[in-house]
Amino acid sequence: MTAAVIDGKAFAATLRGHVGELARAFETKAGRKAGLAVVLVGEDPASQVYVRSKGKSTLEAGMASFEHKLPVETSEADLLAVVEQLNADPAVDGILVQLPLPSHMDEQKVIATISPDKDVDGFHVINAGRLAVGLPGFVPCTPLGCIMLLKDRLGSLSGLNAVVIGRSNIVGKPMAQLLLSESCTVTIAHSRTKDLPDVVRRADIVVAAVGRAEMVKGDWIKPGATVIDVGINRVPGAEPGKTKLVGDVDYAGAAQVAGAITPVPGGVGPMTIAVLLRNALVAAHRNAGLELAADAI
Ligand code: NAD
């Protein structure tokens, strides 16, 4: 068997186009653009790339982009003051503070300062709680993007066995909550899980969010399973001095067995920013008191 390739890049492009249309309609109705603010502290090269890319995508989707770049030595109090100012700014619908923050800052304290109604990353405990009890709120972008890909591929997920590998607040835990809300039977595996290959072999859906290059092998995959690879790992490439990106799944091996699989790059990665824009648009409608049909995006 050779797995179908789940084209996250194409799905994300369609989603971004749709968000763009709705953002233009929002501007007509609200008399202003939807606005997304991104705060970057320090000069971490990967974070700089993400922030640049988010700003560009925000403008392309017809929204206003507000970038706040603060030096690495910024105090926590000064960062909190910037967040408070964005909370109070009516032109800003969504606030994203790029993680990781420098070590002298308490990430949870910073996240807790973001207004839950502008928390488009879905990291605030209020939004994590809303997800846990099934209330509408903001859901972290990467796992929501994974669910969109799964539902597009499989339709109903009800009754399927899902194994999520990884239990981070950003990916693993919200992913498990979302799968549960789709009526999957969910197992969360992590670094202390015993007999991980056997656990994964029971899964109709495997979501790998570990951060270990090609850890999940082809012979761990149940024939026909759907494999979502969240991992982004940089490893030495074929040519000396060059690197390449690989996921947490041994793609070549898993593609022989799975029914469908996301590639890295071009699978989950492009979904994250597309869902961020979607969340910002939802925030804009809520903040402006405008209706957005539940199934609009
Ligand atoms: P994290 O380091 O916070 O969490 C990793 C999880 O993996 C932990 O819960 C840990 O228990 C588990 N783990 C570690 N070693 C393990 C092992 N040997 N067996 C089983 N489980 C093990 O990472 P994260 O933030 O959740 O990110 C995970 C991966 O997803 C990383 O590669 C990251 O770069 C990637 N990521 C991608 C996107 C995207 O947009 N595609 C977004 C976020 C994260």
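These values consider heavy atoms only, across backbone and side chains, with no hydrogens, waters or symmetry-generated copies. It should be emphasised that the depicted structure is a prediction, and the values quoted were computed from it without experimental measurement. Each ligand, and each atom within it, is numbered from 1 in the order the structure gives.
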Inset, instruction - Could you list the atoms of ligand 1 found under 4.0 angstrom from a heavy atom of Val268? - result: 41 (N)
Inset, instruction - Mind checking whether Arg212 contacts ligand 1 via backbone (N, CA, C, O), side chain (CB onward), both or neither, at a 4.0 Å heavy-atom cut-off? - result: side chain
Inset, instruction - Keeping the roles fixed (side chain from Asp7, backbone from Phe11), state whether a donor-acceptor pair exists under 3.5 Å. - result: no
Inset, instruction - Return the residue, atom name and 0.1 Å-rounded distance of the protein heavy atom closest to atom 3 (O) of ligand 1. - result: Ser168 CB, 3.3 Å
Legend entry - Ala189 to ligand 1, any heavy atom closer than 4.0 Å: no
Inset, instruction - Assess Met215 for proximity to ligand 1: is some non-hydrogen atom of it under 4.0 Å away? - result: yes
Legend entry - Lys/Arg-Asp/Glu bridge criterion (N-O < 4.0 Å) met for Arg130, Asp119: no
Inset, instruction - If you have a sec, work out which protein heavy atom is nearest atom 42 (C) of ligand 1 and how many Å separate them, to one decimal? - result: Thr142 OG1, 3.2 Å
Inset, instruction - Starting from atom 31 (C) of ligand 1, locate the nearest protein heavy atom and write down its residue, its atom name and how far away it is, to 0.1 Å. - result: Gly211 CA, 3.6 Å
Inset, instruction - Could you list which atoms of ligand 1 come closer than 4.0 Å to a heavy atom of Ile165? - result: 20 (C), 21 (N)
Legend entry - Options Pro270, Gly172, Ala209, Pro100, ranked by nearest heavy atom to atom 28 (C) of ligand 1, top entry: Ala209
Inset, instruction - Can you pull out the closest protein heavy atom to atom 14 (C) of ligand 1? Residue, atom name and distance to 0.1 Å, please. - result: Val210 CG1, 3.6 Å
Inset, instruction - Pick one of side chain, backbone, both or neither for how Ile232 approaches ligand 1, counting any non-hydrogen atom pair under 4.0 Å. - result: both
Legend entry - Sub-4.0 Å atoms of ligand 1 with respect to non-hydrogen atoms of Gly269: 41 (N)
Legend entry - Exercise: do Lys69 and Gln48 side chains pair donor with acceptor under 3.5 Å: no
Legend entry - Distance from atom 8 (C) of ligand 1 to nearest protein heavy atom, with residue and atom: Arg167 N, 3.9 Å
Which side-chain N or O atoms in residues 136-160 pair as donor and acceptor under 3.5 Å with protein atoms at least two apart or in another chain?
residue : atom : partner : partner atom : Å
Thr142  : OG1  : Thr272  : OG1          : 2.9
Lys151  : NZ   : Glu182  : OE2          : 3.1
Ser156  : OG   : Ser158  : N            : 3.1

Inset, instruction - Looking only at protein heavy atoms, identify the closest one to atom 36 (N) of ligand 1 and say how far it is in Å. - result: Val230 O, 3.7 Å
Legend entry - Flag if over 12 foreign heavy atoms under 6.0 Å of NZ, Lys9: no
Legend entry - Side-chain heavy atoms of Leu80 within contact of Lys109, under 4.5 Å: yes
Inset, instruction - Run the numbers on Val51 and Glu67 for side-chain contact (heavy atoms from CB on, under 4.5 Å), then give the verdict. - result: CA-CA 8 Å; Val51 166; Glu67 279 185 25; 4.2 Å; yes
Legend entry - Nearest-option assignment for atom 20 (C) of ligand 1, heavy atoms, candidates Lys173, Met271, His190, Arg192: His190
Legend entry - Minimum heavy-atom distance Pro270-Gly8, with the two atoms named: CB-O, 4.2 Å
Legend entry - Atom pair CD/CD1 of Gln85 and Ile95 - distance to nearest 0.5 Å: 10.0 Å
Inset, instruction - Specify side chain, backbone, both or neither for Thr272, according to which of its non-hydrogen atoms lie closer than 4.0 Å to ligand 1. - result: side chain
Inset, instruction - Using the side chain to side chain contact (heavy atoms under 4.5 Å, CB included) rule, pick out the option among Met215, His190, Arg167 that qualifies with Val210. - result: Met215
Inset, instruction - For atom CZ of Phe66, decide whether the heavy atoms of other residues, nucleotides or ligands shown that lie under 6.0 angstrom number more than 12. - result: yes
Inset, instruction - Just need the protein heavy atom nearest to atom 43 (C) of ligand 1, so name the residue and atom and give the distance. - result: Val171 CG2, 3.8 Å
Inset, instruction - Indicate yes or no: does an N/O atom of Ile170 lie under 3.5 Å from an N/O atom of ligand 1? - result: no
Legend entry - Asn233 versus Asp248, side-chain donor and acceptor atoms under 3.5 Å: yes
Inset, instruction - Provide, to 0.1 Å, the distance between atom 11 (O) of ligand 1 and the closest protein heavy atom, together with that atom's residue and name. - result: Ser191 N, 3.2 Å
